[in-house]
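Below is one structure; the comments refer to it alone.
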Amino acid sequence: MSETALKAPGTVRSGGDANRWKALVFIALAQLMVVLDATIVNIALPSAQTDLGISDGNRQWVVTAYALAFGGLLLFGGRIADLWGRKRAFVLGLGGFAAASALGGAATTGAMMFGARALQGAFGALLAPAALSLLAVMFTDAKERAKAFGIYGAIAGGGGAVGLILGGFLTEYLDWRWTFFVNIPFAVVAALGAYFVIREPEGGRNRSPLDIPGVVLSTLGLVALVYGFTRAESDGWSDTVTVAMFVISVVSLLAFALVEARVKAPLLPLRVVTDRNRGGIYLSLGLAIIGMFGLFLFLTYYLQVVKGYSPVKTGFAFLPMVAGMITGSTQIGTRLMTRLPARFLMGPGFLVAALGMLLLTQMKIDSSYGTQLLPAMVLLGLGMGTAFMPAMSLATQGVQPRDAGVASAMVNTSQQVGGAIGTALLNTIAASATTSYVKDHIASAATKPQQQLVGLEGMVHGYSTAIWFAVGILAVAALIAFTFVNAGRPGSTTVASGEGVEDEVPVPVVAH
């Protein structure tokens, strides 16, 4: 905190650490690497599939293996960060992620690639919550916290689109293997910087025994949920295995909630999620990501298949969205976060993004990039950047220091599960609408060019139908933000303790 800030008994003035801004550089670099990896591999997938002889039926595992490990182990990774210390978990996560990336880049078989991706996901699940919780405990002054989370939010939101550009360049001009190898310098620089620069505040560890039943049930529940949605995309919602995965997920997560309410040292203390502000943020953030992930997929296919853009040109086409996210997060969100309650940034932010989505529902084969896609992307970026920034900050504000890792893991979990749901749900809606359109219009297409035109029209119709659902989902996210998130301005002295009472504490408490 600043020199003039008052200190309550038992707090640590970690904001006085002059290295915290240097630490932010390395934390942001690590976050960029994780977010880039989520999209950069998608661009390289066709080339990797051909080189490694992976069948069409198995190619999904390049993405699924990562998503299952990352989504399933996030809560465990957050708890390990609280137990071992965030700096140690952060450096270990970076080292493991780099090694797994090297393995993926050197892969000679499909099985080796799938294993490398699962390892990347596992170390990512340790790294991501450690990075966010380090920010939460190192930046305690309200204005500084706003700036730090503004940068972090911009990277979290815009990094995926940057991955499309970088993936296009590496695949087109070098080799698909470089989409893996590029992680290694990121990880090495971030790990060395973190080791020498980061000083984690003392007294914030949770040294309670590990909740093994909680680990097993949460991992099983989250893995089954992510796999259920992934399988639904390829095999349908009525597929026996898909239905079984959803049943296993519901039973496991209900059992997990019951266990957490009874054990002495829970993996996920219910106080973290039952606080209305944090619960509202996890829910609204997850819903917003559902809309965003589906959109990335549709726009990538629309630009490449319908408009004929190259991978590199497609990546550049996403730049206005990245610029909007950076502006919304570092300029609008950061400047207003200490002046307005979070709901007045999150709610309007989601609505502005929904307006951008609304423009995209009018997409046609001959839609102009400059007059339709460009303004839609700018609105999407501005809205999401403005909403993400206070959400990231408030999700860890007011938590007890020993819960910072788990609270951070919940942010990542809502994003990861939201991404899996969004890709499967919206893709299924789009495919169904496309099939229906082609069936209704193909009879009037006499020649092959006419039939190809109907196919493209059907594809675009499917995308616009699914985007209508995304508009509705974002509207619900805005409603949840307005109704659930009732915290005052970040930086006011009253924050929710998570126990159903209000405590007068510095914002946020960083140590006992």
Side-chain angles (χ1 to χ4, degrees), residues 71-84 86 89 125 128-130 132-133 136-137 204-226 248-287 342 391-418 480-481 483-487 494-503 505 507-512:
L73 294 171
L74 269 166
L75 281 177
F76 182 46
R79 176 68 180 86
I80 289 295
D82 286 336
L83 180 66
W84 288 353
R86 286 120 207 164
L132 185 54
S133 58
V137 298
R205 288 197 198 176
N206 184 345
R207 301 181 187 274
S208 305
L210 198 58
D211 169 22
I212 301 299
V215 170
V216 173
L217 288 169
S218 67
T219 303
L220 180 62
L222 290 171
V223 165
L225 183 65
V226 173
I248 290 169
S249 175
V250 170
V251 171
S252 298
L253 293 176
L254 283 174
F256 172 67
L258 291 172
V259 167
E260 299 308 276
R262 292 166 184 259
V263 296
K264 198 172 182 179
L267 174 70
L268 175 62
L270 295 185
R271 60 181 174 268
V272 171
V273 290
T274 52
D275 174 79
R276 68 179 288 169
N277 288 293
R278 282 192 290 277
I281 281 170
Y282 298 146
L283 193 55
S284 61
L285 207 54
L287 286 169
M392 292 281 187
S393 177
L394 200 60
T396 53
Q397 183 175 306
V399 295
Q400 297 178 20
R402 58 188 179 148
D403 297 334
V406 157
S408 302
M410 277 301 299
V411 178
N412 287 285
T413 300
S414 64
Q415 290 178 296
Q416 189 65 25
V417 172
I480 289 169
T483 53
F484 278 72
V485 182
N486 67 348
T494 304
V495 296
S497 68
E499 303 288 348
V501 295
E502 299 284 315
D503 292 332
V505 292
V507 179
V509 182
V510 293
H512 284 300

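Only this structure's heavy atoms are used, side chains among them; waters, hydrogens and symmetry mates stay out.
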Please give me the minimum heavy-atom distance between Val485 and Gly280, naming the atom from each residue.
CG2-C, 4.3 Å
Side-chain donor/acceptor of Asn277 to backbone N/O of Asn486, under 3.5 Å
yes
Nearest 0.5 Å please: distance from the CD1 atom of Ile281 over to the CD1 atom of Ile480.
12.0 Å
Please check if the side chain of Thr219 supplies one atom and the backbone of Val216 the other of a donor-acceptor pair under 3.5 Å.
no
What distance do Arg276 atom CZ and Leu283 atom CG have between them, rounded to the nearest 0.5 Å?
13.0 Å
Within this structure, what is the CG-CD1 distance for the pair Leu217 and Ile212, rounded to the nearest 0.5 Å?
11.5 Å
Could you list the donor-acceptor pairs under 3.5 angstrom formed between side-chain atoms of residues 254-264 and any protein atom two or more places apart in sequence or on another chain?
from: Glu260; atom 1: OE1; to: Leu267; atom 2: N; distance (Å): 2.7
from: Glu260; atom 1: OE1; to: Leu268; atom 2: N; distance (Å): 2.8

Minimum-distance pair of heavy atoms, taken over all atoms of Ser284 and Ala481
CB-N, 4.4 Å
What is the minimum heavy-atom distance between Ala89 and Ala130, and which atoms define it?
CB-CB, 4.1 Å
Nearest 0.5 Å, please: how far is CG in Leu225 from OG1 in Thr413?
11.0 Å
Output, in order, the C-alpha distance, side-chain angles, deciding distance and verdict of side chain to side chain contact (heavy atoms under 4.5 Å, CB included) for Leu222 and Leu74.
CA-CA 9 Å; Leu222 290 171; Leu74 269 166; 5.7 Å; no
Is any side-chain heavy atom of Val273 less than 4.5 Å from a side-chain heavy atom of Arg278?
no
Can you tell me how far CG of Leu75 sits from OG of Ser218, rounded to the nearest 0.5 angstrom?
5.0 Å
Can you name the nearest heavy-atom pair linking Val223 to Gly72, along with the distance?
CG2-CA, 3.7 Å
Pro129 to Gly77 - nearest heavy-atom pair and separation:
CG-C, 4.0 Å
Please report the shortest heavy-atom distance between Asp211 and Ala265, naming the atom on each side.
CB-O, 3.3 Å
